[in-house]
Q: 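Supplied in structure tokens, the structure appears directly below.
Chain naming here is simple, since letters A, B, ... match the order of the sequence lines and numbering starts at 1 in each. Both backbone and side-chain heavy atoms feed into the values below; hydrogens, waters and symmetry mates do not.
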2 protein chains.
Amino acid sequence: MPYGWRVTKTSAERAEPTADSRLRPAGRATRAAIEAAAKALFAERGFEGASVRGIAAEAGVDPALVIRHFGSKEALFLRTIDTSLGIGAVIDGPVETLGRRLVAYFLEGGNTAMRRRFVAIAQASHLQQVRDEMVRHTAEAYIAPLAPRLDGEDREVRVALVVAQIAGLLNLLFLQEDPVLSAASPATLVALYGDAIQSLVTP
Amino acid sequence: MPYGWRVTKTSAERAEPTADSRLRPAGRATRAAIEAAAKALFAERGFEGASVRGIAAEAGVDPALVIRHFGSKEALFLRTIDTSLGIGAVIDGPVETLGRRLVAYFLEGGNTAMRRRFVAIAQASHLQQVRDEMVRHTAEAYIAPLAPRLDGEDREVRVALVVAQIAGLLNLLFLQEDPVLSAASPATLVALYGDAIQSLVTP
DNA sequence: CGACTTGAGTCAACGCTGTTGACACCCTCG
DNA sequence: CGAGGGTGTCAACAGCGTTGACTCAAGTCG
């Protein structure tokens, strides 16, 4: 976003000196309260469903103060929602069994917290900054650690395609709540989809 | 759409007797104008970006008239956006080469119209009815025609997983505009991802 | 042919949203 | 002690989707 040419500062720029540098105790406390309320409400109702006024009320704070502290609802969302889904441990394991372990990871851990985070992020995908964050996360959490460990050609593309497979699975499972996939046993999904993913990891 | 069981009528139902049955010429014309304007603006700006007032202005009509005719912005979106992406011909072809043909289809045809429709639908996925429509489309356009033609076990689940793979590919390619996948050659994507899909069709 | 029903269209308004600017407070530092 | 700036409050803005009351004309029927 071309902010540079502007002379007057927007509230978004005024808001965060360095996120915590020159901050008084009172400010730090209300910031934390707002962040906690936002995390809860975004997870519960999604980006559109959670309003700035609702978050402010939950935190016991004036709505204007939310914007004052975080600049915008979008910025608050980005700071609040944790895009890293703790995938590190799975990625670090042996690549020969990565496919099934990936699917198993998302099926097991994803029944509550991760499911809600995924839905919230997916539903906020009309925001450019959210999409950028997804791309960054793909590059940082998947391509960077995994591509160097693969054999053969097109390693980065193949990892990106693995991410696409995972994104698609979570989409049908968590967002659309597809009845066929929801009714299938986790073991079946792990075996079938895990092997499909594996065919890109070790062709 | 299961409208019948409800007793009280919402404005959405009041609006459309049977979509065109008892309609005067004038009404039919403005309805068409609204639909055309909506189709253009939804595709151009997405669900959130296109406003009812904007659509009304584009159609040269009062904003209230848009709601009067279609019941709600959401209903207008559902009637306007064509979820069937003309996949029929690809599905009907030989299953032995389905994977690569599917990927090729979405890579070729998807540069303009389909790309915009996918983005618009994805960005409206916070609406329950839009998600329901996606599920219905999966069942109708993929599972129903394809599952009976497969061999082996878990045919419906395997088709659903194919849909997940496609959804994930389109997500990274069209919505997130992932730089790695965008830079890859279509031929590479067709070969790699097509075979990954094929591994679910004919294991 | 006139009366009545009913669809088409207009207008102002409601309640909601995210965001802003002016203002007062009070802590901290020089 | 005075100045500066982080902190909080308030009312208001423009935009959103949607509603209800209203007028007008077209179509139906006794």
Q: In whole angstrom, give the distance that lies between atom CG of A/Leu65 and atom P of D/dG8.
A: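 Distance check: A/Leu65 CG to D/dG8 P gives 5 Å.
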Q: Kindly point out which of C/dG18, D/dT7, D/dT18 is positioned nearest to the side chain of A/Arg68?
A: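 Ranking C/dG18, D/dT7, D/dT18 by closest atom to the A/Arg68 side chain puts D/dT7 first.
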Q: Among D/dT18, C/dT19, D/dC10, find the nucleotide with the atom closest to the side chain of A/Val52.
A: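 Nearest to the side chain of A/Val52 among the choices is C/dT19.
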Q: Run the side chain to side chain contact (heavy atoms under 4.5 Å, CB included) test against A/Ser185 and tell me which residues pass, sequence neighbours left out.
A: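 Once residues adjacent in sequence are excluded, the partners of A/Ser185 under the side chain to side chain contact (heavy atoms under 4.5 Å, CB included) criterion are A/Ala187, A/Thr188.
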Q: Residues in side chain to side chain donor-acceptor pair (under 3.5 Å) with B/Glu48, at least two apart?
A: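 Applying side chain to side chain donor-acceptor pair (under 3.5 Å) to B/Glu48 gives B/His126.
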Q: Given atom CZ of A/Arg31 and atom P of D/dT7, what is their separation to the nearest angstrom?
A: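 Atom-to-atom, A/Arg31 to D/dT7, this comes out as 8 Å.
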Q: Can you say whether the rings of B/Phe174 and B/Phe118 are parallel (under 30°), tilted (30 to 60°) or perpendicular (over 60°)?
A: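 Rings of B/Phe174 and B/Phe118: perpendicular, over 60°.
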Q: Let's see if you can work this out: which of C/dT19, D/dT19, D/dT18 has an atom nearest to the side-chain heavy atoms of A/Ile67?
A: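 Out of C/dT19, D/dT19, D/dT18, the nucleotide with an atom closest to A/Ile67's side chain is C/dT19.
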Q: Pairs under 3.5 angstrom, nitrogen or oxygen only, protein versus nucleotides 12-14 of chain D, please.
A:
none

Q: Of the residues in residues 36-50 of chain A, which ones touch DNA chain C at a heavy-atom distance under 4.0 Å?
A: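 When residues 36-50 of chain A is checked for heavy atoms under 4.0 Å from DNA chain C, the hits, listed by number, are A/Ala50.
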Q: Which residue pairs pass the salt bridge (charged side-chain N to carboxylate O under 4.0 Å, His left out) test when at least one of the two sits in residues 164-182 of chain B, sequence neighbours left out?
A: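 Those involving residues 164-182 of chain B do not exist here.
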Q: Identify, with sequence neighbours excluded, every residue that meets salt bridge (Lys or Arg N to Asp or Glu O under 4.0 Å) alongside B/Arg101.
A: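 Applying salt bridge (Lys or Arg N to Asp or Glu O under 4.0 Å) to B/Arg101 gives none.
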Q: Take atom NE2 of B/His126 and atom C1' of D/dC16, then tell me their distance rounded to the nearest Å.
A: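 After rounding, the reported distance stands at 13 Å.
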Q: As a test of reading the structure: which of D/dC22, C/dG18, D/dG8 is closest to the side chain of A/Lys73, going by heavy atoms?
A: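 Side chain of A/Lys73 sits closest to C/dG18.
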Q: Could you list the residues that satisfy side chain to side chain donor-acceptor pair (under 3.5 Å) with B/Asp92, not counting sequence neighbours?
A: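 Applying side chain to side chain donor-acceptor pair (under 3.5 Å) to B/Asp92 gives none.
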Q: Can you tell me how far P of C/dC16 sits from CD1 of A/Ile55, to the nearest Å?
A: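 Those two atoms, CD1 and P, are 17 Å apart.
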Q: Under the rule for side chain to side chain donor-acceptor pair (under 3.5 Å), what residues qualify as partners of A/Glu156, not counting sequence neighbours?
A: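 Checked A/Glu156 against side chain to side chain donor-acceptor pair (under 3.5 Å); zero matches.
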Q: Whole-Å distance between C/dG18 P and A/Leu78 CG?
A: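 Roughly 15 Å, once rounded to whole Å.
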Q: Test A/Val180 against A/Leu172 for side-chain contact (heavy atoms from CB on, under 4.5 Å), laying out the working first.
A: CA-CA 10 Å; A/Val180 172; A/Leu172 256 74; over 6 Å; no
Q: From the set C/dT17, C/dG21, C/dC11, return the single nucleotide nearest to any side-chain atom of A/Ser51.
A: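 Within the option list, the nearest is C/dT17.
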Q: Can you tell me which nucleotide in C/dT19, C/dG9, D/dT9 comes closest to the side chain of B/Thr30?
A: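 Closest nucleotide among those given: C/dG9.
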Q: Between P on C/dT6 and NE2 on B/His69, what's the gap in Å once rounded to a whole number?
A: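 Taking NE2 of B/His69 and P of C/dT6, I get 18 Å after rounding.
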Q: Grab the CZ-P distance between B/Phe70 and D/dG17 for me, whole Å please.
A: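 Nearest whole value for this atom pair: 15 Å.
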Q: Which residues pass the salt bridge (Lys or Arg N to Asp or Glu O under 4.0 Å) test with B/Glu140, sequence neighbours left out?
A: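 For B/Glu140 the salt bridge (Lys or Arg N to Asp or Glu O under 4.0 Å) partners, ignoring immediate neighbours, are B/Arg136.
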Q: A/Arg28 CZ to C/dT28 P: how many Å, rounded?
A: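 In whole Å, C/dT28 P and A/Arg28 CZ are 12 Å from each other.
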